[in-house]
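Below is one structure; the comments refer to it alone.
Note: hydrogens, waters and symmetry copies are ignored here, and every other heavy atom, side chains too, is used. Whatever order the structure lists them in is the order used to number ligands and atoms, beginning at 1. As the structure is a computational prediction, the values presented were derived from the model and not from experiment.
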Amino acid sequence: MSTFKELGLNSQILQALTDLGYENPTEIQKKAIPQVLSSKQDLKAFAQTGTGKTAAFSLPILEQIDANSGDTQAIILSPTRELALQIANNITDFSKHLKGVKTLAVYGGASIEDQVRKLNKGVQIIVGTPGRTVDLINRKQLKLSNLKWLILDEADEMLNMGFKDELDKILAVTPKEKQTLLFSATFPKEVEGIAKAYLKNPIEISAGEKNKGTDQVSHQYYVVSERNRYNAIKRIADVNPDIYCIIFCRTRRETQEVADKLISDGYNVDALHGDLSQAQRDSVMEKFRSKTLQILVATDVAARGLDVTDLTHVINHKLPDQIESYTHRSGRTGRAGKEGISIAIVTTREKSKLHPIERLIGKKFISTPIPTGKEICQNQLLKLIDKVQDIKVNETEINDFLPSIYEKLKDLDREELIKRFVSIEFNTFLTYYENAPDLNDSEQMRGVDRNSDRGSKRRDDENMTRFFINIGKKDKLNPARLIGLINDQRIAKNIEIGQIEILDTFSFFELDKTYEKETMSAFEGNDVDFEGRNVNVEITTKQRTGQARSGGGSSSRGGDRDRGPRKRTGDSDRGNDRKRSGDGERKPKTDFGGFGRKRPGAPGTISKSTFGSDQNPKRRKRI
Ligand code: AMP
């Protein structure tokens, strides 16, 4: 069976699918639709993200729904509000020619009274987040006693989000005789547990191998030092002028920080995470879907299940803690038959995390060099030429100005004119990437002195954890103030402090490994500020000064370095600057070869920000 008609769907549904441009069913649809149409048996479906899961479970339900009854006959539970809304919108589209079929999304963060009012009018299909669904059940506003279909979508994420109790409560008020469908892209142990508990003798169907990503996605990795992680992202954006992507981060804070930095560097970006209000999240999603935004920086949960079809890239700012999340992340691209690229940015140490993911997705990551300044300039130039070719000239408006323009430019020949016009935009990138350093692998050791004798003497100390902190000399940080700052976090008494390196814009310090977790949670939990900057501390795998090689005797370049005896937190040497190792500090290069990050009109993502958008301050100034 290769057409929707052959699968047994009625003409109104077929018409809706034609309206949506669905020509043929996808693999999961071919398997699930006839199964649900012909049998009441429970179903456990493995389907990769982006392969048409929503239509696979909702079309056969729509085919069988009783539009003459106002009873709730189907409920789809989904982990997030965004996903619930997306599914409800899809079902509304599928049912637009079916008279009397109503679908409603119910989710937290929106007026419950509004939802109750709509429910009271009789809604056959509910798409709900578990929390709000339980609320409505408790208020006796949602009755599931006549339910025929229960669908659990993204069950693993519902469990991850701690919705097990809610699922139990919802299940308890549904009739025994119903068909339960469980759809998931990944099937970790916990989901198998749910399947065992909630499904009776289920039929198992699968489209693609379990947990595997879509074939349309190619997976690449870039090896960088910790401090170049962010710069690598900028280069990826710059070398792909038409990029439309999600950058995944692990925490809300990291998400906001990456987004803020990109925004201040002139990129067309916003953040999506749980600290934002619903209204803010809706507004960001709206801008992203309409492509007003080119880049979305998001947490796993906030972006879960989002269906944005044309994403060119997914970027893993850091790899997720749970490897299954990688499939979800990469599954945001390569959707609906389109090709996509999923990029992992890793440090040398993190490279080993790629192997289990490769096993999971059944594909190899391709090692990819970080684009050079020259490559970026070349791509931007080509993009500019494409734009010139495609630009629609507004003849009537421009005609009045042309004679004086021709007069002014009459002495320039064709080649010279082209060169000059193109240079208007191109020079920005050229200047930016002039002398841009190579960010690939070995770069990670250049910011600090590798050859210090002192460092090599201490190299045997395995009991220290090395931390990166995002403040440095420019923030008036010195070793004493850093120790004071650490003390202020009250991590524990008398923690041993190891080497301290103060660089221009960031620094490193070492603390007793035993207190690694406490240190991280103290800095995260206290929301620390230093000289007006929000302090961010990360564990770094970067080796300490002198650790990579011994001998050599080159001059020290690592910035202020703690050469004194080891200190403990609580030592009263605050304000007591330590001896320095000579000030031959090598200034950490910015990505732009020393031009600084916050230049107005920094090269950013192109179609909306740098080339051609009148929102671009650089452009406005010139006009
Ligand atoms: P889903 O996996 O349900 O999130 O669907 C992923 C994307 O594929 C959505 O944008 C759907 O609109 C689209 N899609 C689903 N089924 C089909 C189909 N049979 N033909 C074309 N596009 C489809």
query = Which is closest to atom 1 (P) of ligand 1 in terms of heavy atoms, Ala56, Ser58, Ala55, Gly52?
reply =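 Closest candidate by heavy-atom distance is Gly52.
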query = Counting only heavy atoms, which portion of Gln29 has something under 4.0 Å from ligand 1: side chain, backbone, both, or neither?
reply =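 Side chain only.
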inquiry  = Tell me the contacting part of Phe4 for ligand 1: side chain, backbone, both, or neither, using a 4.0 Å heavy-atom threshold, strictly below.
reply    =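 Side chain only.
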task = Check the angle between the aromatic planes of Tyr244 and Phe288 and answer parallel, tilted or perpendicular using the 30° and 60° thresholds.
result =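 Ring orientation of Tyr244 relative to Phe288: tilted.
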inquiry  = Check the orientation of Phe94 and Tyr22. Use parallel for under 30°, tilted for 30 to 60°, and perpendicular for over 60°.
reply    =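 Answer is perpendicular, since the angle exceeds 60°.
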request  = Output the list of atoms in ligand 1 that are nearer than 4.0 Å to some heavy atom of Thr54, sorted by atom number.
outcome  =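 Selected atoms, number and element: 1 (P), 3 (O), 4 (O).
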query = What atoms in ligand 1 come closer than 4.0 Å to a heavy atom of Asn24?
reply =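 Those of ligand 1 that fall under 4.0 Å from Asn24 are 18 (C), 19 (N), 20 (N).
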ask   = Thinking salt bridges, do Arg253 and Glu257 make one under a 4.0 Å N-O criterion?
value =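 Judged by the 4.0 Å cut-off on N to carboxylate O distance, Arg253 and Glu257 do form a salt bridge.
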task = Please determine if Glu23 has a nitrogen or oxygen closer than 3.5 Å to a nitrogen or oxygen of ligand 1.
result =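 N/O-N/O distance under 3.5 Å: no.
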query = Going from NE2 on His273 to CG on Leu296, what distance comes out if it is rounded to the nearest 0.5 angstrom?
reply =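 Nearest 0.5 Å value for the NE2-CG distance: 10.5 Å.
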Pairwise side-chain contact, Phe365 with Glu358, heavy-atom cut-off 4.5 Å (strictly under) =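 In contact.
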request  = Measure the distances from the heavy atoms of Ile87 to every atom of ligand 1 and state whether one is below 4.0 angstrom.
outcome  =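 For ligand 1, residue contact (heavy atoms, under 4.0 Å) with Ile87 is absent.
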ask   = Is there a donor in the side chain of Asn10 and an acceptor in the side chain of Glu63, or the other way round, less than 3.5 Å apart?
value =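 Yes, a side-chain donor-acceptor pair sits under 3.5 Å.
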